[in-house]
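As structure tokens, the structure follows; a few thoughts come after it.
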Amino acid sequence: MAEITYLEAIREALFEEMERDTNVFCLGEDIGQYGGAFKVTDGLLDRFGEARVIDTPISETGIVGAAAGAAHMGMRPIVEMQFIDFIASAYDMLTNYVATARYRAFLPCPMVVRGPSGGYVRGGPFHSQNPEAGFIHTPGLKVVYPSTAQDAKGLMKAAVRDDDCVLFFEHKYLYRRIKGEMPAGDHVVPIGKARTAREGKDLSIITYAATVWKALEAAETLEKEDGLSVEIVDLRSLAPLDDEAIQATARKTNRVLVVHEDTRTGGIAGEITARINETSFAWLDAPVLRVTAHDVPLPYAPQLEDFVLPQTADIVRAARTLAAY
Amino acid sequence: MPTGRRTPRRPATSGPATTARGSDTPSAALSAEQRLELYYWMRLTRTLEERLVALYRQTKVVGGLFRSLGQEADAVGSAFALERRDVLSPLIRNLGSMLVKGATPVEILRQYMAKGDSPTRGRELNIHFGDTERGFIGQISPLGDMVPVMAGVTLSFKMRGEDRVGLVYIGDGATSTGAFHEGINFAAVQRCPLVVVVENNGYAYSTPTSKQTAATRFVDKAIGYGIPGERADGNDVLAVYDVTRRAVDRARRGDGVSLVELMTYRRKGHAEHDNQSYVPDGEIERWERENDPITRYIARLRDEFDVADDDISSIDERVRREVDEATDVAERSGPPTALDGLIGIYAKPPAEKPLWYREGQDSAVSAHERPEGWGTFNASSKASS
């Protein structure tokens with residue numbers, strides 16, 4: 001079977017889920033006729049018509065709220081944020097309304113909010129963000145952030161079928177750079193399960209999204225130059241986190257580096273570090289270390305963006321420090 | 001611009017419609033029974049709230065208490081314009097709308113008293129609950145949010161070709177939110193079968209409408225969304241029914257969204273604790289004296305529809321009995337079990353696990369953790385220790 005890109009994998013999942021269930025529909029800005037800013041929804045309008053592929057006004061609160069209302073009534077909406085940075089405009093609707101609906105009012109809210117996320121693309125402050133931490137902090141929401149084309153498809157299908165709201169972060173740097181061969185049949189990747197991206201025994205790198213690929217590059221270097229065997233855990237799901245996988249790798253290698261592209265303070269790495277501290281302190285041979293973005297809005301110029309974001313060389317350097325501790 | 005004391009808000013004595021559309025009067029088709037039913041719902045709303053005040057003063061209401069005194073006609077008349085299969089989204093002053101849609105006094109009382117068998121099992125306050133089967137959706141406190149949500153509810157009706165209409169209430173204050181704008185605009189573009197009812201009761205908490213908008217009439221906002229708008233006297237239950245029913249009929253015909261502005265007045269504070277110090281002298285009393293919706297409706301029932309005093313008083317008696325019985329039932333309900341607080345955040349997993357320091361415990365504290373001295377500084381006990 002031919003390989004397809006991360007972006008095509010997401011599109012394939014949308015097509016398959018809309019074919020499978022007539023309650024599934026898409027709404028967002030410029031997603032219909034134009035096919036979306038990144039063309040993720042290209043072709044959906046022709047196939048499914050404008051009743052199920054809805055071009056909306058520029059109104060993130062309105063779109064997310066409307067999706068919630070339709071979801072209450074049994075529909076399964078998929079909302080596109082043109083850039084995930086704009087999800088901040090729907091923060092109230094997601095955290096106050098959607099996230100609480102099942103708990104406070106027994107109202108199911110099966111919906112997906114998806115959008116291009118992340119940096120390394122010279123997008124500047126409003127086209128590069130990774131706002132996942134604010135949402136994993138909100139009980140009632142699920143958050144996934146795949147790094148591979150297979151997981152992008154499989155997690156999207158799981159997200160559409162989930163009975164709660166799933167925020168689906170798509171890394172735009174990976175959209176057309178990463179390819180994969182899709183498993184045959186109905187390929188669904190369960191939410192809440194991490195993946196071992198590389199087996200190793202000397203130290204663990206826990207990460208997700210684009211930095212999985214940077215960690216893999218770093219692991220090659222560390223193996224060649226230092227003889228280190230690095231294990232890489234790709235979280236895939238950020239809410240819920242796969243505690244079993246985190247605990248297993250920490251207890252296996254006894255040294256853990258957490259890497260993410262998001263900013264440092266209040267980022268998910270802090271949460272993972274705390275969990276390892278609580279469950280596996282006695283197994284550790286070194287403190288859990290972090291490689292993250294610096295705590296600054298993401299700048300535009302290549303020299304600035306490259307300095308602010310975590311790079312492969314940073315991971316190599318931090319891993320060496322950890323191994324030598 | 002006025003400064004200092006404001007001109008008292010005067011009761012509207014008639015409800016002029018703002019568009020030519022408002023010529024037919026669907027209320028003329030109401031039966032004598034239905035007209036008495038309208039009275040029943042308004043009386044039930046008021047009596048139930050009076051009972052809640054008594055329970056509040058006995059500290060049996062756990063949180064705040066929100067009244068709709070003086071707004072019963074607006075809530076009841078608008079909800080009465082819907083069919084059973086239709087869906088509405090109430091606000092804090094729409095107890096009457098919820099009762100019309102099938103919420104029961106026992107549910108309301110249990111909800112306010114945070115009982116374990118309340119509609120939200122003790123998770124939410126006051127009348128914040130819903131039931132899609134009966135056709136009302138639980139609101140949340142961030143105002144304006146229900147407009148986009150109801151746009152989506154009615155979008156689903158349109159997508160499935162269902163003969164159903166939605167109605168969403170919004171206060172004068174929340175028309176200032178972005179959510180109101182985004183929701184009504186989205187629904188208008190999609191021609192959703194939705195009625196947006198602006199309840200103009202003069203105040204958003206303490207803020208008068210003059211500080212909420214530079215527009216003189218909320219109904220004029222309809223023009224900006226390309227939808228019809230009508231304004232009516234919100235304290236005349238039949239006028240409320242008429243204006244809402246016309247909008248509901250338009251929605252049902254496939255003519256999309258309408259905006260309805262109901263002119264009313266909030267005679268109590270934002271909640272029971274609010275002393276209304278910001279209200280000009282005499283304003284509340286004047287509305288009570290000249291424009292009480294129940295008093296006005298009784299007069300109409302007698303004068304225009306030949307309803308006998310006995311018919312009115314027998315409804316009053318029935319309502320008292322029902323509220324008494326509901327209170328007895330609700331007071332017998334127990335509190336929620338503490339561990340229920342961890343259930344149902346997601347469909348899967350069905351429950352959160354208690355944190356390790358709570359393992360094996362079925363409650364957090366044996367009594368309220370409120371030792372003497374918390375929140376106050378007791379100088380004499382400090383000095384003697």
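Each chain gets a letter, A, B and so on, in the order the sequences are listed, and its residues count up from 1. Values reported hereafter were calculated over all heavy atoms of this structure, with side chains retained and with hydrogens, waters and symmetry mates removed.
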Next on the checklist: I'd like to verify something: which residue of A:D163, A:L141, A:L107, A:T56 has the highest number of heavy-atom pairs under 4.5 Å with chain B?
Outcome noted: A:L141

Item to check | Audit row: B:E182, A:M93, side-chain contact (heavy atoms from CB on, under 4.5 Å) steps and yes/no | outcome: CA-CA 12 Å; B:E182 293 193 16; A:M93 193 59 82; over 6 Å; no

Next on the checklist: Which one wins on heavy-atom pair count under 4.5 Å against chain B: A:A68, A:G140, A:A105, A:P57?
Outcome noted: A:G140

Next on the checklist: If I measure from the heavy atoms of chain A, does B:I345 come under 4.5 Å with its side chain, its backbone, both, or neither?
Outcome noted: both

Next on the checklist: Can you give me the closest heavy-atom contact between B:S156 and A:M75, atom names plus distance?
Outcome noted: CB-CG, 3.7 Å

Checklist entry - Is the CZ atom of B:R253 crowded by more than 12 outside heavy atoms at less than 6.0 Å? => result yes

Checklist entry - Is the side chain of B:E124 donor-acceptor paired with the backbone N or O of A:R104 at a distance under 3.5 Å, no angle test? => result no

Item to check | chain A contact via B:T132 - which portion, at a heavy-atom distance below 4.5 Å | outcome: side chain

Next on the checklist: side-chain contact (heavy atoms from CB on, under 4.5 Å) for B:R160 and A:N23? Distances and angles first, verdict last.
Outcome noted: CA-CA 9 Å; B:R160 289 171 160 171; A:N23 290 316; 3.0 Å; yes

Checklist entry - Is chain A contacted by the side chain of B:F157, its backbone, both, or neither, given a heavy-atom distance below 4.5 Å? => result side chain

Checklist outcome for this item: Under 4.5 Å to a heavy atom of chain B? For A:D162 that would be neither

Item to check | B:Y346 six-ring centre to A:R102 NZ/CZ under 6.0 Å and within 45° of normal | outcome: no

Checklist outcome for this item: From the list B:K348, B:R121, B:Q190, B:M150, the residue making the most non-hydrogen contacts under 4.5 Å with chain A is B:R121

Checklist outcome for this item: Looking only at B:A151, B:P142, B:G183, B:G130, the option with the highest number of non-hydrogen pairs under 4.5 Å against chain A is B:P142

Checklist entry - Does any heavy atom of chain A fall under 4.5 Å from the side chain of B:M159, the backbone, both, or neither of them? => result side chain

Next on the checklist: Only pairs of heavy atoms separated by less than 4.5 Å count here; which of B:T120, B:I343, B:V189, B:V87 has the most with chain A?
Outcome noted: B:T120

Next on the checklist: Donor-acceptor check, side chain of A:D164 to backbone of B:A347, threshold 3.5 angstrom: yes or no?
Outcome noted: yes

Checklist entry - Above 12 or not: heavy atoms from other molecules or residues under 6.0 Å from CD of A:E244? => result no

Next on the checklist: Does any backbone or side-chain atom of A:Y97 lie under 4.5 Å from a heavy atom of chain B? Answer side chain, backbone, both or neither.
Outcome noted: both

Next on the checklist: If you count every heavy atom of other residues, nucleotides or ligands that lies below 6.0 Å from A:I58 atom CD1, does the total exceed 12?
Outcome noted: no

Item to check | chain B contact via A:E278 - which portion, at a heavy-atom distance below 4.5 Å | outcome: neither

Item to check | pair A:T279-B:W356: side-chain heavy atoms closer than 4.5 Å | outcome: no

Checklist entry - To the nearest 0.5 Å, how far apart are CZ in B:F186 and CD1 in A:I54? => result 5.5 Å

Checklist entry - Looking at A:A51, A:A67, A:A66, which has the largest count of heavy-atom pairs under 4.5 Å with chain B? => result A:A66

Checklist entry - Using non-hydrogen atoms only, which part of B:I184 is less than 4.5 Å away from chain A: side chain, backbone, both, or neither? => result neither

Checklist entry - Pick from A:I191, A:N96, A:V64, A:I63: which one has the most heavy-atom pairs with chain B under 4.5 Å? => result A:N96

Next on the checklist: Please identify, among B:Q139, B:M146, B:H181, B:H128, the residue contributing the most non-hydrogen atom pairs under 4.5 Å to chain A.
Outcome noted: B:M146

Checklist entry - Are the side chain of B:R123 and the backbone N or O of A:Y103 linked by a donor-acceptor pair below 3.5 Å? => result yes

